[in-house]
Amino acid sequence: MALSLHPMNKKVRVRFAPSPTGGLHLGGVRTVLYNYLFAKQNNGDFILRIEDTDQSRYVAGAEEYIMDCLQWAGLVPDESPVKGGNYGPYRQSERKKLYRQYAEQLVADGHAYYAFDTPEDLEQMRTTFRTDTNPSPQYDRAVREKMRNSITLTATEVKKLLDNGAKHVIRIKMPTHETVTFHDMIRGEVSFDTSLLDDKVLLKADGMPTYHLAVVVDDYLMEISHAFRGEEWLPSAPVHILLWKYLFGLEKMPLWAHLPLILGPNGKLSKRDGAKYGFPVFAMNWTDPNTNELVEGFREKGFLPEAFINLLALLGWNDGSEQELFSREELQEKFSIERVHSGGARFDYEKAKWFNHEWIKRKSGNELLAPVKEILQGNAIIPTDDLFLEKTIELVKDRCSLLTDFVQQTSFFFIAPVELDTASVKPKWNDGKADFFNEFKTVLGNASSWDAVTLENSFKELATQKNIKPGELQLPLRVMLVGGKFGPPVFNIVELLGKEETGKRIDYALTKFSI
RNA sequence: GGCCCGUUCGUCUAAGGGCUAGGACACCACCCUUUCACGGUGGUGAUACGGGUUCGAAUCCCGUACGGGCUACCA
C-alpha cells in the first residue's frame, strides 16, 4: 500500500494506551485492532503503554485483565509493561520524573505558567462566571488575568511561593488568536481557533502529568509514528498539536487518526448499556473489585476471537467490496486506515451474533473441540471421549450462534434427558405406537450395520409393516432421545448414541408416554 | 451555551459527478425439512431539509435541522 511515512522517517510504531480503570470495551479493542493491523501491514512495532497518571482511579487487576483480553483476541503487543522493549518504562506512573522537565521548559519559553489556585478557588471562579449563555466557564485567557498564577503575580512572589513549596499546577498558555490546523488520516484537515480554547492543566499538583502532556512526551520519546485514538479526543487535539510545536517541532509529530465512536442504543456505548440491553460490551468478563459489579464479556458469552475481531473491524470500516467475513490474515492484507469512516457506528448485537455463527460454521469440529469442551465442563458436562465430542460438534454446529448454544445442543449426547416433552407426544400416542417402539428395539438389536441411513430405512420399513406413517413416529423418537423438539436429524442422533443407549432411552420414555 | 465531528433502508454499509441507489443483519412470505435450525428464492425498506454549481448531484459548495463528542488537577 501507499504509506505516507512518518516525517521522522523511522519504522512505523503505533501504541495503545489504556487506563487501568477496569474493563476493556469494544471501542478499546477496536483501537488496538486497528493499531495492530496497521503495524503488521507496515512491518512496524505495536506498543502497549499504560495510562495510570491518575492513581486515584487505578483499579487493582485491571492491567492484567487488559493483557488477558489482548491475549484472547490475539492482539499481543510487541512492547508492553510485561514484555518490554527499548523505550520503557511503559507505565506513566514510572515515568513521572520525565514530565516535569518538559513542563518547566514550556514555562521558561513562555508557553505555560504556574497556577496556584486551590480547588476552592476554581470552584468559586466557575460559579461567579457562570451565566445562562456560559454554563461552564473555562480557565481561559480572560479568566487567567483574575487568578493566582505566574502571570498575575510578580516574579518575586512566584519565586517565594515556589521556594515555600506551594501547591501548584502548570497550565498551557493558549495563544490569543491563532488557528491550529492539522491533518487527520480519516477526516482530512481539522482546524481550531485558539481563542476559544482554555488553558489546560499539563502538570498536576501531585507532580503527575495530565494526559495532554504525557501523550506528547511519550509519543516523542517512544518515537511513535502514528497515533490512533477515539473521536472523543478530537477536541483536545489542538492542545497536543501546540505542545508538539513548542516542545519537539511539528515535523516530528505522529500522524493522527481519530476513530469514529462505537455507539450504543443511546449515544456512546457504555458499560451500562450491556446490562441494560443484554449484550456484552467488554472483551472478557470484568468484575470490579470495589463494587463486585460484573460486566459480561464476549468471550464468556460464547464468542470466538476470530468473530470478535471480524465484527469489530467491520464496525467503521470495510474494504469497498461486499465481503463481510474476514480472517485475521485477510484483515491484515486489506485493512486501510484511510477507508475508516468518520461517522460513529451503532453496535448491533444481532449482527454480532451472525458473525459468530458464520465463524462457528467455518470451523471444523476439531477446531471447536477445546472451546466447546471448556463451556460444557463449566456446565457440569464432562465429555471423556474427544472423538465422540468432535462428532457431536460437527453434527450440531450449524445450529449454534454462540459457543454456549452447544450446551443445549449437545448435552443430551452425554446425559440422558429425564424430563421429556411429553405434551407434544401424548395427544397422538396410542398402543400401536408403543407396540412399534417395542418391536423397533428388537430391530435395532439385530441391526447389521449401525449408521444413520440404514437405521432410518429399517425404521421406515417397520413403520410401513405396522401401517403407521413414519413421520408420525419420528417426533416421538426424537423426544425419547433428546427430551424435546430440537436437535439434529434424529437418525444421526441414534447413530451416535449407539445401540445400548438408544434402547435404554426408548424404554424410559415408554414408561412416561403411556401414563 | 460554546467549540468540534458527523448525517444513504430500523441497524452496519456500497456507489469518489453519469445504470432501476447495491449488499449484509433484522423482519415478512414461500421452498426445503414430519423437530429446531441451516440453506434456497422472493419481498417490505434509505440518500434529513432548503438553496446553489453542473447537461447531469447521494456524491462538490452554502445554510438549516437533527445526532454525537468535548467543555475536570479523568483518560
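Order of the sequence lines sets the chain letters (A, B, ...), proteins ahead of strands, with each chain counted from 1.
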Legend entry - side chain to side chain contact (heavy atoms under 4.5 Å, CB included) against A:Pro81, all qualifying residues, sequence neighbours excluded: A:Leu48, A:Ile50, A:Glu63, A:Tyr90, A:Arg91
Inset, instruction - Pick base, sugar-phosphate or nothing for A:Val190, based on heavy-atom distances below 4.0 Å to the nucleic acid. - result: sugar-phosphate
In whole angstrom, give me the gap between the [atom1] atoms of [N] and [M].
| N | M | atom1 | answer |
| --- | --- | --- | --- |
| B:A26 | B:U64 | P | 41 Å |
| B:A65 | B:A24 | P | 38 Å |
| B:G23 | B:C66 | P | 34 Å |

Going by purine N1 to pyrimidine N3 plus the second Watson-Crick contact, or the G-U wobble pair, all under 3.5 Å, which nucleotide sits opposite [N]?
| N | answer |
| --- | --- |
| B:G67 | B:C5 |
| B:A72 | none |
| B:U41 | B:A29 |
| B:A24 | B:U11 |
| B:C60 | B:G52 |

Inset, instruction - Record whether the side chain of A:Lys351 comes under 3.5 Å of the base of B:A24 through a donor-acceptor pair of N or O atoms. - result: yes
Inset, instruction - Using the six-membered ring of A:Trp429, assess whether NZ or CZ of A:Lys426 lies under 6.0 Å from its centre and within 45 degrees of the ring axis. - result: no
Assign a letter to each nucleotide of [range] from its 5' end: B, base within under 4.0 Å of a protein heavy atom; S, sugar-phosphate only; -, no contact.
| range | value |
| --- | --- |
| nucleotides 67-75 of chain B | -SBSB-BBB |
| nucleotides 16-22 of chain B | ------S |
| nucleotides 37-49 of chain B | BSS---------- |

Inset, instruction - Answer yes or no: are there more than 12 heavy-atom neighbours, outside A:Lys167 itself, under 6.0 Å from its atom NZ? - result: no
Inset, instruction - Identify, with sequence neighbours excluded, every residue that meets salt bridge (charged side-chain N to carboxylate O under 4.0 Å, His left out) alongside A:Glu367. - result: none
Inset, instruction - Any pair with a residue in residues 180-200 of chain A that passes salt bridge (Lys or Arg N to Asp or Glu O under 4.0 Å), sequence neighbours left out, goes on the list, sorted by first then second residue, please. - result: A:Arg144-A:Asp199, A:Arg187-A:Glu231, A:Asp198-A:Lys200
